[in-house]
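Counting convention: from 1, in listed order, for ligands and their atoms alike. Just so you know, these numbers use all the heavy atoms, side chains as well, and skip hydrogens, waters and symmetry mates.
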Amino acid sequence: MMYAKVIVGLNNPAMDKMFDYAVPEDMEIRQGVRVIVPFGRRNAKTEGYVISLSEETEVPADKIKRILEVLDEGKPTFTPELLELAKWMQERYFCTLNQCLQAMMPAGIRTKSQWTVSLLDFEEEIRLTPKEKLLVEFIGERKNVPLDDIQAEFSGNILDFLRKMEEKGLLEIKQQLHRSDYKKEKRLLSLDLEHPLLEAAWRKAEKDKRLEGQRLILEYLRNGEEVTAEELKEKFGITDSPIRTLLGKGILKERKQTELRDVFDAEDFEQTTAFLPTEEQAAALDAIRLEMEKEEKRPVLLHGVTGSGKTEIYMQLIDDVIKKGQQAIILVPEIALTPLILERFISRFGDKVSVTHSRLSMGERVDQWKKARDGEISVMIGPRSALFMPFQNVGVIIMDESHENSYVSDITPKYDTKDVAAAAAKLYDALFLMGTATPDLVSYHRAKEGEYLLLELKERTGGGRLPEVFVTDLRKELAEGNRSAFGRELQEAIRETLQKGEQTMLFLNRRGYATFVSCRSCGEAMKCPECDITYTYHAKEHALVCHYCGRRVDVPQTCPQCGSKYIRYFGTGTQKIEEEARKLFPEARILRMDLDTTMTKHSHEKILETFGKGEADILIGTQMIAKGHDFPNVTLVGIMAADLSLNVDSYTAAETGFRLMTQAAGRAGRRDDRGRVFIQTYQPEHYAVKHAANQDYHGFFAEEILMRQMMGHPPFSSFFSILVTGEEKAEAEAASQRLAAEIARADGEGIAMILGPVPAALPRFRGEYRYQLIVKAAEEDALRELVLPVVEKLKKDRKSNVKYQLSLNPANIV
Ligand code: ADP
Ligand code: ZN
Ligand code: ZN
């Protein structure tokens with residue numbers, strides 16, 4: 001007898017352990033498959049995941065249950081490496097193994113279970129209690145009423161109550177399973193060549209002109225070919241009718257065949273071949289290949305400006321890997337996954353590559369995943385979930401634009417894709433390569449310390465020149481009477497660009513609801529003196545709040561630095577800029593792209609397409625504009641208010657600001673002409689502005705890393721931001737205080753600094769009260785060991801309805 005150790009797909013931490021099940025004799029089970037097992041007292045059919053197989057079990061023979069069904073035709077969802085990786089994630093992110101496994105599966109394939117209730121015919125005389133009466137009335141004549149509907153109508157533990165009613169024979173509780181395999185089936189038609197009526201039908205069709213359709217089908221399929229009805233109709237221009245007639249007689253037979261959907265047609269793409277690497281590229285490729293040969297491979301950080309040929313390096317490495325019979329995973333931030341990027345990979349690798357992203361249908365996504373599982377492709381491109389493709393033998397994992405925040409999962413398990421990819425690469429014995437024009441500070445620091453192999457590309461492959469950057473001091477503009485959002489130099493430059501028939505992009509970086517307050521005379525943003533982090537303005541209380549330590553002060557009447565009365569609330573939107581631009585440049589064709597104008601599907605693409613075709617002169621947008629797009633006719637870029645990103649309420653503010661400025665600048669004049677960039681700011685002396693103006697990452701890094709060290713921000717410390725939420729205000733608040741107290745008590749050695757709890761930046765959200773606590777320590781591991789067990793303990797408190805969400809070193813505290 002074989003036994004399987006199974007994790008059940010239930011979101012209950014208490015059930016997150018292996019359960020043994022017997023494998024029926026006639027069932028073939030492999031490690032990593034999804035199965036349906038009976039679970040719990042009522043043997044509810046439950047999806048489970050086979051972690052391992054064994055010939056022994058400690059469960060007594062009369063107690064052990066049997067696996068009911070294997071899903072996915074017995075093909076494993078989890079390779080041995082993915083199972084290991086899930087265990088690694090479980091330990092690192094302190095969540096359940098089930099959560100990790102489910103995070104790895106394509107969204108939507110999970111078997112869903114629904115419980116429903118129907119009344120039985122019972123004797124009228126049975127005396128019902130008042131509550132039973134209410135239930136009977138609620139269900140009434142309806143069959144299979146979802147348990148959830150009943151639960152929503154009646155409070156308390158209605159399930160136990162219903163079970164008692166079921167025991168009395170009043171009603172029936174049933175479980176329905178919805179298997180979602182998103183199979184696309186093709187129906188293949190062929191002739192039943194043995195059919196007794198075949199001869200007669202043939203002769204009849206040959207004589208009767210009206211049966212021409214049937215004759216064509218019979219003739220076409222006489223050698224046993226299989227075709228779809230669509231193919232027949234298209235080929236002969238016939239209707240459904242002859243097909244239906246022949247099917248009805250049984251002369252035509254039908255066979256269903258599943259097919260995997262394609263998301264592009266490789267034939268539409270012109271094949272490209274590898275470029276001869278430039279000297280810089282060749283040196284980087286050599287170093288990477290050398291690292292690949294090593295037993296202990298370090299992750300590689302490839303730092304190179306946009307256009308320096310990183311993507312070409314990725315492709316040449318992928319080519320190596322494919323030749324070895326291995327597979328490659330390319331991670332791309334969702335917003336950067338544009339047709340242009342895809343085109344380059346498809347043109348090089350044809351149908352060896354596939355892609356997964358949120359704009360595909362569920363069926364399309366599941367099918368691409370199946371292609372990876374079944375060995376039909378060698379390269380998968382996609383956002384962070386592409387890391388979990390069930391490939392057999394991954395040779396390289398590439399993470400493009402590795403600085404992007406979207407690589408950190410915002411749902412449990414809140415993993416950092418960088419760390420998981422590094423762990424996965426170890427398990428596969430693969431190379432992990434990160435590429436970016438502006439590495440995140442922490443990664444660059446790690447690379448400098450030797451934890452990563454650092455490789456730099458300094459030149460653009462085409463020799464394209466970097467743009468000329470000008471800094472406009474908005475304080476001076478104000479002092480000289482210009483109250484417009486457009487500095488005078490930028491206005492002039494826009495007019496010139498319009499005249500030359502070239503294009504302009506204007507960036508305005510604004511982050512959601514968060515606003516800040518600054519002085520328009522000296523440019524100072526109001527900051528928390530303890531944390532050196534910009535205060536967030538809370539309009540309702542007219543107060544400034546530090547999102548780290550919770551300090552709260554009134555908005556000053558005059559600037560604490562210079563005494564000026566020009567205190568300004570930042571929150572200028574793209575819409576206001578657009579209005580002003582229309583007044584200043586009435587002849588220009590202007591497009592605006594921000595969250596408001598891109599709510600509908602594809603509108604984002606459409607705006608960019610219009611602009612790309614030269615049907616507009618000016619594009620105004622937030623930082624979402626134009627990642628991965630190439631607009632050769634853009635020769636002018638304006639960064640409307642650099643302060644908006646420099647003053648976000650985060651320790652990464654300067655880093656984010658620097659990145660957005662350099663990225664925006666990189667849009668100008670990528671080909672022949674030297675483009676111009678205007679950075680408008682109230683803080684022209686800010687080091688992020690100065691280094692962005694020189695496109696000098698190293699200069700910026702040197703200054704920023706000192707700043708981080710001085711303030712004790714990551715990478716010189718780590719912190720957990722813990723969000724405690726609950727529907728009851730008092731309960732949530734008390735729980736957050738208890739959490740702080742218990743962490744303080746557990747911290748015998750005093751390694752941690754505890755900030756808060758304070759009401760969160762969004763103190764109420766979706767009916768919940770939110771409190772936030774920050775716990776900071778020098779060493780990440782020690783911090784984990786301190787905080788996570790305490791949170792685990794509190795989570796297990798069954799009487800409490802409070803939830804705890806943790807994130808490590810988040811850039812945004814919400
Ligand atoms: P990045 O990914 O760093 O932005 P790309 O790989 O996209 O850079 O390269 C920029 C441009 O230069 C692309 O159009 C690419 O086709 C071209 N390119 C890359 N490497 C070479 C090379 N060795 N020789 C000629 N052109 C190249
Ligand atoms: Zn001032
Ligand atoms: Zn503070």
S.K.: First locate atom CD1 of Ile346, then atom CD of Glu270, and finally report the distance between them rounded to the nearest 0.5 Å.
M.R.: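 CD of Glu270 is found 14.0 Å from CD1 of Ile346.
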S.K.: What atoms of ligand 1 come closer than 4.0 angstrom to any heavy atom of Thr306?
M.R.: 4 (O)
S.K.: If you count the atoms of ligand 1 from 1 in the order shown, which ones are under 4.0 Å from a heavy atom of Thr278?
M.R.: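 Result: 23 (N).
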S.K.: Give the atom numbers and elements of ligand 1 that come within less than 4.0 Å of a heavy atom of Gly309.
M.R.: 1 (P), 3 (O), 5 (P), 6 (O), 8 (O), 9 (O)
S.K.: Touching ligand 1 at all, Arg344? Heavy atoms, strictly under 4.0 Å?
M.R.: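 Arg344 counts as a contact of ligand 1 under the 4.0 Å cut-off.
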S.K.: Would a 4.5 Å heavy-atom cut-off, applied to side chains only, mark Ile639 and Leu506 as touching?
M.R.: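 Result no, sub-4.5 Å side-chain heavy-atom pair not found.
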S.K.: Can you sort out which atoms of ligand 1 are near Pro277, meaning under 4.0 Å from one of its heavy atoms?
M.R.: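 Taking each heavy atom of Pro277 in turn, ligand 1 has 23 (N) under 4.0 Å.
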S.K.: Do the non-hydrogen side-chain atoms of Glu334 and Ser406 ever get within less than 4.5 Å of each other?
M.R.: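 No. Closest side-chain heavy atoms not under 4.5 Å.
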S.K.: Of the side chain and backbone of Gln281, name the one, both, or neither that has a heavy atom under 4.0 Å from an atom of ligand 1.
M.R.: side chain
S.K.: Taking Arg676 as the fixed residue, which of Glu502, Glu492, Glu496 is the one that meets the salt bridge (charged side-chain N to carboxylate O under 4.0 Å, His left out) rule?
M.R.: Glu496
S.K.: Below 4.0 Å, non-hydrogen atoms only: which portion of Val305 touches ligand 1? Side chain, backbone, both or neither.
M.R.: backbone
S.K.: Hey, does the side chain of Asp696 reach the backbone of Gly699 with a donor-acceptor pair shorter than 3.5 angstrom?
M.R.: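 Yes; judged by distance alone, with no hydrogens or angles, the pair exists.
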S.K.: Any N or O of Phe275 that comes nearer than 3.5 Å to an N or O of ligand 1?
M.R.: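 In fact, backbone or side chain, Phe275 has no N or O that close.
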S.K.: Just so I know, are the side chains of Ile377 and Phe391 near enough to count as touching, which here means a heavy-atom distance under 4.5 Å?
M.R.: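 Yes, side chains in contact.
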S.K.: Please determine whether the number of non-hydrogen atoms from other residues, nucleotides or ligands lying under 6.0 Å from atom CG of Asp351 exceeds 12.
M.R.: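 No.
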S.K.: List every atom of ligand 1 that sits less than 4.0 Å from any heavy atom of Leu276, numbering the atoms from 1 in the order shown and giving each element.
M.R.: 22 (C), 23 (N), 24 (N)
S.K.: Salt bridge check, Glu655 against Arg659: does any charged N sit closer than 4.0 Å to a carboxylate O?
M.R.: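 Between Glu655 and Arg659 there is a salt bridge, with a charged N closer than 4.0 Å to a carboxylate O.
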S.K.: When you compare ligand 1 with Gly304, is there at least one nitrogen or oxygen pair between them that comes in under 3.5 angstrom?
M.R.: no
S.K.: Report, in ascending order of atom number, the atoms of ligand 1 lying under 4.0 Å from any heavy atom of Glu312.
M.R.: 6 (O), 19 (C), 20 (N)
